[in-house]
Amino acid sequence: MKKMIALLLAGTMAVSMAACGGGNTSTSSASGAASAASNAAPAATDLASQSKYPGTPDADMITINLQQEPPEMNSMLTSDTASGVVLRETMSGLMKLDKDDKPVLDLAESYTVSDDKLTYTFKLRKDAKWSNGDPVIAKDYIFAWTTAMKKETASTYSFILTDNIKGGADYFDGKIKEDGLGIKAPDDYTLVVTLSNPIPYALHLFSFQTYMPLNQKAYESIGADKYGKDLDKIVTDGAYKITEWVHNDHLTVTKDPGYWDNANVGIPKIKFVMLADANTNMNALKAGQLDYMTVNGDQIAQFKAEGQPVASYADGGNWYVQYNTTKKPFDNAKIRQAFGMAIDKETFVTNVLKNGSIPATGIVPISTMGANGAKYTDARGDISLKFDAAKAKSLLEEGLKEEGLTVDKLKLVFLTGNSTAAVKDATYMQEQWKTNLGVSVDVQPLAFKARVAAMHKNDFDFVYAGWAPDYNDPMTFLDLFTTTNGSNYGKYSSKEYDSYIDQARKEADPAKRQDLLIKAETLAVQTDAPIFPLYYSVINYTTSQKFTGGTDTAFQSWPGDYTDGAKLTKK
């Protein structure tokens with residue numbers, strides 16, 4: 001699971017998991033930057049042994065900074081990383097990702113795949129239990145998926161089901177009933193899933209949060225409007241269950257004795273606190289109130305000077321400026337291009353972030369795999385709009401003339417997170433737009449939940465946003481910008497772009513499929529510019545002496561996963 005950022009839209013560093021300037025960075029130099037950041041850091045396994053800080057005093061528990069209140073703890077609806085972090089520990093599906101990000105069996109004990117790669121038959125574990133004691137059965141998956149695919153549910157992630165399950169699009173549109181879908185339960189412990197097309201990353205999907213089951217009895221008893229909103233309003237089936245939730249302060253999860261693999265879960269309790277301020281975060285670690293924290297660029301130097309180790313990894317995320325293409329002036333592609341080209345990404349990454357992040361060369365980050373076992377970005381190359389203040393000013397003038405506007409009539413608000421890092425980043429962009437375009441922009445910091453709500457409602461001019469991958473394939477980024485995608489917050493709509501993505505979904509040849517994806521991405525980045533990719537994020541973090549073995553990867557990102565061998569080093 002992600003991540004969410006599975007997802008996920010939102011943020012780790014800048015907005016508690018959502019990110020100025022445009023350089024001419026090649027794919028090879030970007031890869032080198034990532035390698036340099038990695039080589040400079042200690043191995044994650046060495047953090048506990050090298051840490052200067054003993055950690056929290058609580059017996060059998062570690063404390064991690066989640067940074068923000070989880071906005072939506074309903075696995076059918078959530079699309080943010082903060083919620084995804086908790087769901088990763090508390091919800092289980094057919095598959096899960098191991099420490100190497102490979103899908104392995106979780107609540108399924110076995111599966112078979114048809115010769116045409118369309119039908120997956122799962123045999124479910126009979127010892128899997130919900131936190132209320134009910135068995136997890138095949139109908140729990142069918143209920144979750146069919147409910148998420150209903151238009152009235154308004155799941156922003158419905159597309160990850162409707163685009164992939166046979167009949168999903170027709171079911172969403174009300175053209176067929178549930179029995180016409182490619183999901184069947186011959187008995188309580190057999191689930192048969194038929195896909196619309198062969199999907200190379202299908203097993204990754206079955207580990208993702210929107211593919212989690214849902215206890216129908218509990219969901220209907222609690223009510224759709226209340227489910228996942230409080231401690232007693234959610235039923236889980238994962239390694240941990242939620243045992244404490246003080247909103248906007250902390251949330252605690254405890255090992256669930258009913259989880260089938262409970263014996264291999266090494267940390268009894270995890271407390272997630274919600275500290276948005278970077279200095280408060282650091283002080284909490286030093287004071288024995290925190291065991292894991294992400295580290296910003298300024299703090300890296302401070303920790304280094306103190307002898308505190310900092311580890312890092314490329315988290316697979318892309319941070320960008322997203323424009324509301326339905327509102328003036330950002331309904332004009334030239335104006336969108338101008339605002340992107342006015343940002344010097346190289347200077348932003350080097351002098352503002354200072355954390356090893358990599359200037360974006362397109363929408364899809366460098367960690368994503370492409371055709372035939374090679375990196376997708378090796379085939380795509382650098383397609384980014386380059387920093388060019390003069391050209392940006394000219395494009396702005398052309399666009400404003402087409403819109404019948406002038407610079408002095410622009411009243412623009414740029415939404416960002418309310419964390420220290422997010423405000424600092426947005427202030428840099430604000431200065432770039434003033435200096436290079438002559439445009440005054442108001443920066444509006446919002447708490448994570450409020451910012452996500454504004455994006456869902458399309459209530460913004462433009463916004464500092466990010467996306468973490470749901471699975472290891474370019475489609476996890478590129479299908480976001482199709483017309484009907486629920487996470488297409490800027491409402492970008494292009495028949496040409498949609499056609500490329502639709503053709504790619506149906507194309508079985510890996511190289512031809514990749515070519516279609518590159519055409520779509522190039523159209524979006526260079527011509528239509530619904531977003532301006534800023535950088536590919538690198539997560540820097542440190543820990544106390546209290547635990548080791550957490551999984552921190554591009555697909556199990558910030559603050560990692562604690563069910564694959566994490567254990568306490570001291571109590």
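Index from 1, following the sequence. Keep in mind that this is a model prediction, so the values were computed, not measured.
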Residues Thr361 and Tyr536: side-chain donor-acceptor under 3.5 angstrom: yes
Single hit among Asp315, Thr551, Asp101, Asp98 for side-chain hydrogen bond (donor to acceptor under 3.5 Å, both in side chains) with Gln556: Asp101
Verdict with reasoning, Thr210 to Phe159, per side chain to side chain contact (heavy atoms under 4.5 Å, CB included): CA-CA 10 Å; Thr210 317; Phe159 72 89; over 6 Å; no
Glu69 versus Trp245, side-chain donor and acceptor atoms under 3.5 Å: yes
Aromatic contact, His250 with Phe272 (centres under 6.0 Å): no
Backbone of Ser92 reached by a side-chain donor or acceptor of Asp237 within 3.5 Å: yes
Tyr111 atom OH, over 12 foreign heavy atoms within 6.0 Å: no
Check: Thr56 side chain, Gly288 main-chain N or O, donor-acceptor pair, under 3.5 Å: no
N/O donor-acceptor pair under 3.5 Å between Asp230 side chain and Lys233 backbone: no
Exercise: do Asp425 and Tyr535 side chains pair donor with acceptor under 3.5 Å: no
Aromatic ring pairing Phe414/Phe462, orientation class (parallel under 30°, perpendicular over 60°, tilted between): tilted
Distance-only donor-acceptor check, side chains Thr252 and Lys269, under 3.5 Å: no
Glu244/Lys271 under salt bridge (Lys or Arg N to Asp or Glu O under 4.0 Å): CA gap, chis, key distance, verdict: CA-CA 9 Å; Glu244 188 179 23; Lys271 181 179 181 179; 5.9 Å; no
Results of side-chain contact (heavy atoms from CB on, under 4.5 Å) for Asp459 - residues two or more places apart only: Lys457
Check: Thr236/Thr90 side-chain N/O donor and acceptor closer than 3.5 Å: no
Thr78 and Asp80 side chains, donor-acceptor separation under 3.5 Å: yes
Stepwise side chain to side chain contact (heavy atoms under 4.5 Å, CB included) check, Arg88 with Tyr562: CA-CA 9 Å; Arg88 181 191 296 143; Tyr562 296 88; over 6 Å; no
Under 3.5 Å side-chain donor-acceptor pair for Asp256 and Ser131: no
Stepwise side-chain hydrogen bond (donor to acceptor under 3.5 Å, both in side chains) test for Asp134 and Asn132: CA-CA 6 Å; Asp134 291 345; Asn132 65 358; 3.2 Å; yes
Tyr211 side chain vs Ala144 backbone, donor-acceptor pair below 3.5 Å: no
Closest heavy-atom pair and its distance - Trp145, Met212: NE1-O, 3.8 Å
Sidechain-backbone polar pair: Arg451 side chain, Leu415 backbone, donor-acceptor under 3.5 Å: no
Check: Ser51 main-chain N/O paired with Gln545 side-chain donor or acceptor under 3.5 Å: yes
Heavy-atom pair with the smallest gap, counting every atom of Asn318 and Gly362: ND2-O, 3.7 Å
Backbone N/O of Gly258 and side chain of Lys241: donor-acceptor pair under 3.5 Å: no
Check against salt bridge (Lys or Arg N to Asp or Glu O under 4.0 Å), Asp564 and Lys96: CA-CA 10 Å; Asp564 291 324; Lys96 63 176 288 186; 2.9 Å; yes
Test item: side-chain donor near acceptor, Thr542 and Gln299, under 3.5 Å: no
Ser79 and Tyr489: side chain donor to acceptor below 3.5 Å: yes
Ring centers of Phe208, Tyr157 separated by less than 6.0 Å: yes
Short side-chain donor-acceptor distance under 3.5 Å, Asp552 and Tyr292: yes
Expected output: side-chain Asn215 to main-chain Val235 donor-acceptor under 3.5 Å: no
All pairs passing salt bridge (Lys or Arg N to Asp or Glu O under 4.0 Å) where residues 286-302 contributes a residue, at least two apart: Lys286-Glu306, Asp298-Lys354, Asp298-Lys424
For Ala447, all residues meeting side-chain contact (heavy atoms from CB on, under 4.5 Å), sequence neighbours excluded: Asn418
